[in-house]
Every structure is written in C-alpha cells, then in structure tokens.
Amino acid sequence: MSQLTFPISLWEGFEPVHTEQTGQQLIIHLKPTRPGRCTCGKQAQSVHETRLRSIAERAILDYQVTLRLPHRRIVCPDCGVVTEHLSWLDPFARQTNRLVAFVERLLPLLPIQHIAELTGLHWHTIKTIDKRRLAREIPEPDWSQVRRLAMDEFALFKGHRYATVVADADTHQVLWVGEGRSRRAIRPFFEQLGPHCQQIEAVAMDMNTAFDLEVKTHCPKAKVVYDLFHVVAKYGREVIDRVRVDQANALRDDRAARRKVKRGRWVLLKNRQNLTATQAGYLDELLQANRSLMVVYLLREQLKELWYCQSAQEAFSQWALWWQQVLESGIEPLQQFARKLKRYLHGIVASAEHRLHTGRLEGMNNKIKLMKRMGYGYRDTEYFFLKIKAAFPGKMR
Ligand SMILES: [Zn+2]
C-alpha cells in the first residue's frame with residue numbers, strides 16, 4: 001500500500017503523506033498543512049522545536065493504525081513557547097481523541113481484555129482511560145442532604161486486607177471507599193464530611209467493628225443501628241451451622257438421617273420465600289426430625305422481627321420474650337450468641353426509630369463481592385474503588 005487519500009479531513013491541520021504497512025499494522029505519516037496554533041487561538045510566530053510523535057488511532061478496516069507526525073512547540077505572541085493545539089489530540093495524549101472516545105463507548109460493554117484485542121491498545125492504557133472516564137462520571141454527593149449512612153467492610157484480594165465503604169442509606173450512593181477498617185482508616189471520611197457531621201441522624205453497620213466509636217466521636221447526634229443482614233448472617237454461621245454439625249455428629253449411627261442433616265445447610269440459611277417447593281419440603285422434613293434445628297430456625301425468624309418493631313418499648317419486650325426462649329432452649333451455641341448480642345441491644349432497638357433498609361446494604365455487599373470475583377485488574381485498589389463508586393451512583397431522594 002503506497003498511497004492513501006481520504007475524502008474528509010480526519011486530522012485537522014495535517015494530511016497524510018505516505019503509509020507503511022507491516023502485517024496488520026498501518027503507519028500513516030502526517031505533515032502539517034498550516035502554521036501551528038496556540039490554545040488561545042493565535043497563530044504561531046515561529047516554531048520553537050519539533051518532535052516526531054507516534055499516536056494510536058482507531059483501526060481502519062482490519063488494520064491497527066499508528067499516526068506519525070511532527071508535533072510542534074511554537075512561539076505564541078501572547079503565551080510564549082507552547083505546544084501547538086490540535087483539535088483531535090489532547091496535550092500529552094498518546095491516543096487520538098477519536099480513539100479515546102471509542103474506548104469509552106466500549107468500556108461499559110466489554111471486558112478490558114476484549115477492548116485491548118479490538119483496538120491494539122495495551123491493557124494499562126485502557127485502564128487509564130477508564131479511570132479518567134469514571135472520575136469524570138461519578139456524581140459529586142450532595143453533602144448537605146446526607147442524613148443517614150450505612151457503613152460496611154469487605155475483604156480485598158486474598159482476604160488479608162480490608163476496605164470500608166460508606167453509603168448514603170437513603171439514596172444508596174457510595175460516598176466514600178477507603179482501605180482498612182480501623183477507626184483511623186475511616187477518619188478521612190468524617191474529615192471530608194466536615195460540618196455536615198452534625199446533621200447525621202443514624203448510621204447502620206455491622207456489630208463488632210470499630211466504626212461505632214468513630215461515628216460517636218464525629219457525629220454527636222447519630223444513633224448507631226446494627227443492621228439485620230449482618231446479625232442474621234452471623235446467626236447462620238455461629239448458631240444454625242453449629243447446631244447442624246452437632247446434630248449430624250449425633251446421628252453417627254443413622255447414615256441416611258445424617259446425610260440429610262449434613263446436606264441441609266443451604267435450605268437452612270436461605271430465606272424461606274426463596275426456596276422451591278422441593279427445597280421447602282426438604283427443609284420441613286429436616287426441621288420435623290431435629291428439634292434443636294427447629295428451635296434455632298424459629299428463633300432466627302423471631303429475632304428478625306426485632307428490627308421491625310414500631311417502638312423501642314415494643315422492641316425491648318420482644319427481646320425479653322426471645323431471651324426467655326433462648327434460656328429455656330438449653331442450646332449452648334444459641335445461648336452464647338444471645339449473650340454476645342445482648343451487649344449490642346441498644347443498636348438493635350434503635351432500628352425501631354431509624355428504619356434503614358438493610359436489604360439494600362446486603363445487595364451492595366453482594367455486588368461488591370461479584371465485582372471482586374470478576375476482578376479485572378482490581379489489584380489496583382484506586383481503580384476498584386472508582387468502579388464501586390460508579391456502580392452505586394445513587395438514586396433520587
Ligand atoms: Zn497563545
């Protein structure tokens with residue numbers, strides 16, 4: 001291929017002079033067709049120096065295209081020595097604006113690896129373009145409107161490091177993501193919130209975290225609310241799972257019954273309304289045959305009701321009722337759990353006055369886990385955090 005002419009001006013101020021082709025690679029050499037211009041609009045008095053640059057362009061047919069052009073440093077009568085302004089190439093960019101726009105259109109649709117194959121760009125280059133796009137598109141929170149928060153932690157790669165996410169509990173916009181889960185790690189959020197700390201009324205979180213102390217330090221009016229989702233998940237692990245394993249061990253001599261109990265984990269932990277008819281039948285059979293499982297299963301459902309009480313008083317009497325049944329059950333893992341939970345009772349009763357939809361928090365938690373599993377390049381935490389913020393832009397209040 002020796003000569004290419006284009007019917008339209010693809011590179012304003014330049015024209016192709018010749019092309020080189022090697023396999024699927026096409027290099028288009030450009031030359032200027034007019035004197036350079038400054039960003040201020042003035043024409044160059046003279047050229048200070050010229051640098052030969054290689055710029056990636058969108059593919060033409062099956063060819064990956066590189067432009068080679070003399071990019072001029074010019075002397076502007078007003079601004080002095082500046083790099084000439086090109087409408088199709090940002091200063092210091094190594095891809096044309098056209099290619100960047102194309103990549104930005106593909107990013108919500110395709111994994112980075114596929115875009116790399118389509119465009120010939122390096123994985124890192126695409127990631128950089130994506131970071132710029134996300135930073136531009138993530139809406140700035142309206143801090144003056146934030147009243148209720150939800151805080152949660154999640155494991156980063158390998159599970160040894162953690163990160164904390166803070167969301168607006170009403171709009172579900174992610175307001176902040178940071179590495180770590182200590183009081184010190186989350187302090188920057190409250191510093192950013194600044195004077196708006198005074199308007200925070202309630203904060204939903206998991207028990208057993210350092211968050212509550214830090215919240216109380218910065219937000220004097222905020223009630224800490226322990227959310228249902230975390231308590232129920234903990235109950236599943238520490239009570240239902242424990243009792244199920246103990247029951248299976250006790251059934252050592254009845255292999256069929258033992259297998260039934262061992263396989264019951266999933267139906268026991270799932271919400272009943274999410275089970276198929278067969279699964280529900282399996283669950284009923286399991287509960288009928290194992291008294292302890294039946295007790296801890298029913299007490300979990302009763303525990304959940306604490307979060308839906310109409311008043312603090314009602315919540316306290318519900319708790320007393322629950323506590324009594326726990327004591328009478330004689331089931332040790334259950335009693336252990338209840339004793340621990342009792343220390344956090346204030347944060348559960350508070351949910352009667354500050355109803356926070358923890359189902360949403362659970363959804364957020366799951367979505368972050370899913371994003372992590374898909375994990376393209378989230379070793380870069382800054383990128384991962386941008387992705388999280390972009391995934392939860394919030395909805396109308
Ligand atoms: Zn100028």
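On a predicted model such as this, the values are computed, not experimentally measured, just so you know. In each ligand, atom 1 is the first atom listed, and ligand 1 is the first ligand listed.
- Distances shorter than 2.8 Å separate the Zn ion (ligand 1) from the protein N/O/S atoms Cys38 SG, Cys40 SG, Cys76 SG, Cys79 SG.
- Geometrically, Arg187 does not engage Phe190 in a cation-pi contact defined by less than 6.0 Å to the ring centre and at most 45° from the axis.
- Put simply, the side chain of Arg94 does not reach to within 4.5 Å of the side chain of Thr125, judged on heavy atoms.
- Residues Val261 and Leu286 form a side-chain contact, since some pair of their non-hydrogen atoms from C-beta on lies under 4.5 Å apart.
- Judged as a ring-ring contact (aromatic ring centres under 6.0 Å, His included), the pairs with a partner in residues 232-280 (not counting sequence neighbours) are, in order, Tyr235-Phe337.
- Environment of CZ in Arg255: sparse, with no more than 12 heavy atoms of neighbouring residues, nucleotides or ligands closer than 6.0 Å.
- The closest side-chain donor-acceptor pair between Thr164 and Arg181, if any, does not fall under 3.5 angstrom.
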